[in-house]
There are 2 protein chains.
Amino acid sequence: MHTPPMIGKNIQRIRSARKLTLNVLSERSGVSKAMLSQIESDKVNPTVATVWKIARGLNVELNDLLEADDEPKRIFSLNPAAEDAAKLEKKQDGITIRVLSPLSMVEELEMYLLTFEPHAALVSEPHFPGTQEYLTIVKGTVKVTVGDNTAELKRGDFLMYHCDTDHAIYNDSNQPAIVHMVVRFSPDRR
Amino acid sequence: MHTPPMIGKNIQRIRSARKLTLNVLSERSGVSKAMLSQIESDKVNPTVATVWKIARGLNVELNDLLEADDEPKRIFSLNPAAEDAAKLEKKQDGITIRVLSPLSMVEELEMYLLTFEPHAALVSEPHFPGTQEYLTIVKGTVKVTVGDNTAELKRGDFLMYHCDTDHAIYNDSNQPAIVHMVVRFSPDRR
DNA sequence: TCGATGAGTTCAGTATACTGAACGCAGTTT
DNA sequence: AAACTGCGTTCAGTATACTGAACTCATCGA
């Protein structure tokens, strides 16, 4: 963070995206309509407490109002010989699936970057026996269910499981979540 | 974020970790000593602008002062059959290396979670020809150099490269950085 | 044409964030 | 001891964040 935050712009953007009036947001946040108006037009330096109340009213993280807009995810390939970086992107039901692994390794394992919109879920059928999945949480929080077991994960957490039973990844929160996923196919399959 | 932030505690923790006096931090941040004292003891609701100035003075992200303490990274294993999750942890030169991949796949590939303290660097000799590395940035920003090529990466970015030449990962910033790394050994080696 | 409703803005008053200076309290020095 | 230095706290004054009410300007029916 090298520039002062642009709180007003962020609040206005989210509020109009949610189609809320100042009156409604005022009620939901407990911050006066007058103050909201002045904050949105950068006429005041709000206190942290006030911005926090607004974040609650908007159902977003405090940081979402203080940070600049989320940058897009990028894929680099630093070696000419690694040129076959797959950039496939699929979008469905609030989930963006980005294939990271090159085609050359599609038989042994696959790597994905999964972006979950708020409340999106990725439900999977059982894979081939012996298949394993490895998750690393890059952003937000997700809930993972494998058979009868469940885990709550947050940024930096790592999870591994056999996925020859039903398994699912949920984003319960109001924030987007990003998950790095490695699928390793059973050597038996090959 | 479901509870109001504990700014005072965070500032005090970082300030004393840095061994700074209120006078010094006041000079470096442009916030009066009196105000710093009152913020640290939760006697006031500081404005965002003030907290931002303090963050600059401490050389940390604004969010680091507003969020609760950074939770430790956790490793889960959701399936009894995947019980051999390695939890090896090595620390050297400001870098924590956590082995994520189970021993059963050590021949084909390895997965790590790397935590870089501010300004830490991980410099590697060339690996066996054909070896590839795949990086996903979980937190912070890092600079990666492979041979003559360099890339700046931030959270959510993904990078792949052949690592049969010299390669290095730097954390130039004042923030810790977390990187997920997959090393895939050349099939020829096996 | 004229209220009436509902949007965002402006106004005047009060609460409080913020400052520089004074203060109290250690540990050192003389 | 007394004087000094450097730490964090408290004080009194000023700037301003914040509020409820008044205001403006649309859009909508009668």
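So you know, we letter chains A, B, ... as the sequences are listed, proteins then strands, and number each from 1.
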Which part of the nucleic acid does B/T50 contact within heavy-atom distance under 4.0 Å: base, sugar-phosphate only, or nothing?
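Touches sugar-phosphate only.
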Is the phosphate of [N] approached by [X] (side-chain N or O, under 4.0 Å from OP1 or OP2)?
| X | N | value |
| --- | --- | --- |
| A/S37 | C/dT9 | yes |
| B/R15 | D/dC7 | no |
| B/K43 | D/dT10 | yes |
| A/N23 | C/dG6 | no |

Rounded distance (Å) that lies between atom [atom2] of [N] and atom [atom1] of [X]:
| X | N | atom1 | atom2 | value |
| --- | --- | --- | --- | --- |
| B/Q38 | D/dT10 | CD | C1' | 8 Å |
| A/N45 | C/dA17 | CG | C1' | 11 Å |
| B/M35 | D/dT10 | CE | P | 13 Å |

Between [options], which one does the side chain of [X] approach most closely?
| X | options | value |
| --- | --- | --- |
| B/T21 | D/dA17, D/dG8, D/dT19 | D/dG8 |
| A/S32 | D/dT19, C/dC18, C/dT10 | D/dT19 |
| A/V31 | D/dC18, C/dA17, D/dT19 | D/dT19 |

Any A/V182 side-chain heavy atom under 4.5 Å of B/M111 side chain
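Yes. Closest side-chain heavy atoms under 4.5 Å.
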Is there a side-chain contact between A/K139 and A/I137 (heavy atoms, below 4.5 Å)?
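No, their side chains stay 4.5 Å or more apart.
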Between A/L20 and B/A34, who's closer to the 5' end of DNA chain C by nearest nucleotide?
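Nearest nucleotide further toward 5': that of A/L20.
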Between the base of D/dG8 and the side chain of B/K33, is there any donor-acceptor pair under 3.5 Å?
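Indeed, a donor on one side and an acceptor on the other fall under 3.5 Å apart.
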Which is more 5' along DNA chain D, the nucleotide nearest A/T47 or the one nearest B/E40? Just name the residue.
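Closest to the 5' end, via its nearest nucleotide, is B/E40.
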Check whether any side-chain N or O of A/R56 sits under 3.5 Å from a backbone N or O of A/S29 as a donor-acceptor pair, and report yes or no.
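Checked: no pair found.
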Test item: A/H119 side-chain N/O and A/E117 main-chain N/O as donor-acceptor pair under 3.5 Å:
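No.
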